[in-house]
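Encoded as structure tokens, the structure appears first; notes follow it.
Remember, it's 1-based here, ligands and their atoms both numbered in the order they're listed.
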Amino acid sequence: MESFENLGLSEKTLKVLKQKGFEEPTPIQVKTIPAILAGEKDVVGQAQTGTGKTAAFGLPIIELLHEKAAAVQALVLTPTRELAIQVAEEINSLKGKRKLSIVPIYGGQSIELQLRSLKKGIDIVVGTPGRILDHLKRRTLKIDTISFFVLDEADEMLNMGFLEDVGEIMENTGPDKRTMLFSATMPREILQIAKKYMAEYDVMKVTKGQLTVSQTDQIYFEVSAADKFEALCRIIDIEEEFYGLVFCRTKIDVDTIANRMMERGYDADALHGDMSQGQREKILNKFKNRLLNILVATDVAARGIDVQNLTHVINYALPQDPESYVHRIGRTGRAGKEGIAITFITPQEYRKLQFIQRGAKTDIRKAKLPGVADVIKSKKQRIKADLKDIVKSCPRNEYLEMAGELLEINEPADILAALLQYSFQDELSEKSYAEIEDAVVDTKGKTRLFVKQGKQDGLTRKKLVDFIKDKCNIASGKIRDIQILDKFSFVTLPFHEAETLLSHFKKHKRGAGPLITKAKKARRK
Ligand code: AMP
């Protein structure tokens with residue numbers, strides 16, 4: 001098993017990783033961290049967002065930077081502002097107590113605010129190309145002495161038409177820097193960028209074996225992060241039988257979720273790498289003997305365990321990559337029994353789900369969370385069935401005499417209702433379930449698309465709408481903010497529809513219609 005300790009990281013960093021709850025490095029981290037720390041060459045890493053690539057370049061950069069430097073030391077370019085914020089936050093969480101300032105700089109945010117932080121001194125700038133170029137032109141940002149240049153999601157930069165800007169930015173950097181380029185795919189244009197602007201480099205790929213998915217029913221639910229726990233409870237409550245693993249990303253998450261479950265009265269426990277061998281075995285034995293029916297675990301902790309016939313595997317957090325998805329869900333549906341694999345995604349994770357789905361060559365269908373009324377109905381049925389079994393299995397017991405006495409002074413229905421109330425309290429009341437917000441992806445997740453045709457090509461609003469409607473089954477009302485310019489155009493679609501359109505488009509050659517790519521941020525000209 002690979003460990004962070006073997007990668008050449010300092011004690012300080014190992015401590016931060018422990019606090020963050022990372023148990024072991026992801027494959028891309030295993031490859032890039034020692035190469036950046038100890039090597040001299042530039043790095044081209046083939047990795048998708050979600051594979052831990054931010055830490056793959058962030059950790060060694062943090063290790064190698066100087067505290068209290070006089071100028072910007074590293075620049076990370078990302079295609080979108082969402083990613084800029086996310087990457088800056090992740091690197092910030094990895095720096096520990098080091099006095100390093102990491103700031104996202106992106107279009108749409110006030111220039112004055114950015115000027116202020118630039119003046120104060122930033123060590124790592126994480127920015128989108130348009131805004132970084134702006135600052136370079138205003139001379140409010142100098143990058144000629146940076147030690148690290150990272151190009152993140154290079155293929156997205158290409159899709160969004162940012163490659164020229166990226167080249168221009170790179171020309172502003174000096175020769176004494178290490179360059180790292182990350183991309184999920186490696187089209188020719190990206191490799192050309194690497195050849196043109198990078199020194200001698202190593203390509204680091206995470207090799208993938210052939211994946212086979214078991215015959216598990218796979219579904220996903222869209223829930224906001226805040227609603228995940230409630231959603232998990234509903235899923236467990238509606239099932240007649242639940243015997244499953246709940247996967248979280250970190251040890252801290254595992255502890256939090258397991259504790260919340262136990263507080264609610266579930267037979268749940270946690271399993272992670274921080275536990276002693278003895279503790280782990282004890283919990284595992286309880287799970288195997290079904291004294292526990294819910295085990296909340298990290299991938300690492302669950303790896304070696306051999307538990308058969310799980311009814312459910314829940315991806316409370318998306319796995320890092322398709323391999324780990326396949327591995328997790330392979331634990332259900334064994335021995336001829338059908339299992340269910342459930343994955344929670346937040347609206348921002350839709351693309352990552354698609355990446356996992358493609359990589360695992362599998363179909364994960366969308367489902368709707370059970371409503372509270374259905375959950376309660378199912379619980380009531382279970383209670384009735386359980387009571388029937390109990391009546392059958394012990395017709396005479398020590399309570400029979402007491403029952404007779406109670407029946408002399410009360411109506412049977414009143415006594416039963418009181419007993420049910422006594423046992424289940426407000427468990428069967430709708431009020432004990434929290435609300436879950438609906439349809440998060442459709443209301444919040446929109447994608448701005450770039451259309452490589454404009455007025456000069458004879459494109460009109462109507463033609464564009466007709467084209468989109470013709471290619472995908474999209475209602476006109478969902479097509480928003482159309483902007484037809486001379487040479488190109490923009491249109492906004494909900495996430496799902498945008499993905500459908502893009503995937504349709506990828507199958508077609510140029511000339512089959514206007515070329516449509518993602519363009520969350522319009523280029524400044
Ligand atoms: P990224 O691919 O950089 O977007 O990372 C995806 C998520 O994985 C982030 O939430 C990271 O905090 C998390 N992550 C990165 N490396 C690890 C690791 N070795 N173990 C557990 N989680 C990780």
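Under a 4.0 Å criterion applied to the non-hydrogen atoms of Q320, ligand 1 contributes the atoms 8 (O), 14 (N), 17 (C), 21 (C), 22 (N), 23 (C). Taking every non-hydrogen atom of G52 and a distance limit under 4.0 Å, the qualifying atoms of ligand 1 come out as 1 (P), 2 (O), 3 (O), 5 (O), 15 (C), 16 (N). Taking a cut-off of under 4.0 Å to the non-hydrogen atoms of T54, the atoms of ligand 1 that pass are 1 (P), 3 (O), 4 (O).
Geometrically, ligand 1 and E24 share a nitrogen or oxygen pair separated by less than 3.5 Å. For E90, a nitrogen or oxygen atom sits less than 3.5 Å from a nitrogen or oxygen atom of ligand 1, counting backbone and side chain alike.
With a 6.0 Å radius and a threshold of 12 heavy atoms from other residues, nucleotides or ligands, E11 has its CD atom at or below the threshold.
Residue F247 holds its CZ atom at 9.0 Å from CG of L295, rounded to the nearest 0.5 Å. Residue D123 holds its CG atom at 8.5 Å from CD of E67, rounded to the nearest 0.5 Å.
N92 and K95 are linked by a side-chain donor-acceptor pair at a separation below 3.5 angstrom, with hydrogens and angles left out of the test.
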Practice task
Show your working on salt bridge (charged side-chain N to carboxylate O under 4.0 Å, His left out) between E281 and K288 and close with a plain yes or no.
Solution key: CA-CA 10 Å; E281 272 170 22; K288 280 187 181 163; over 6 Å; no
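Residue nearest to atom 23 (C) of ligand 1, selected from F4, F57, F182, F22: F22 (by heavy-atom distance).
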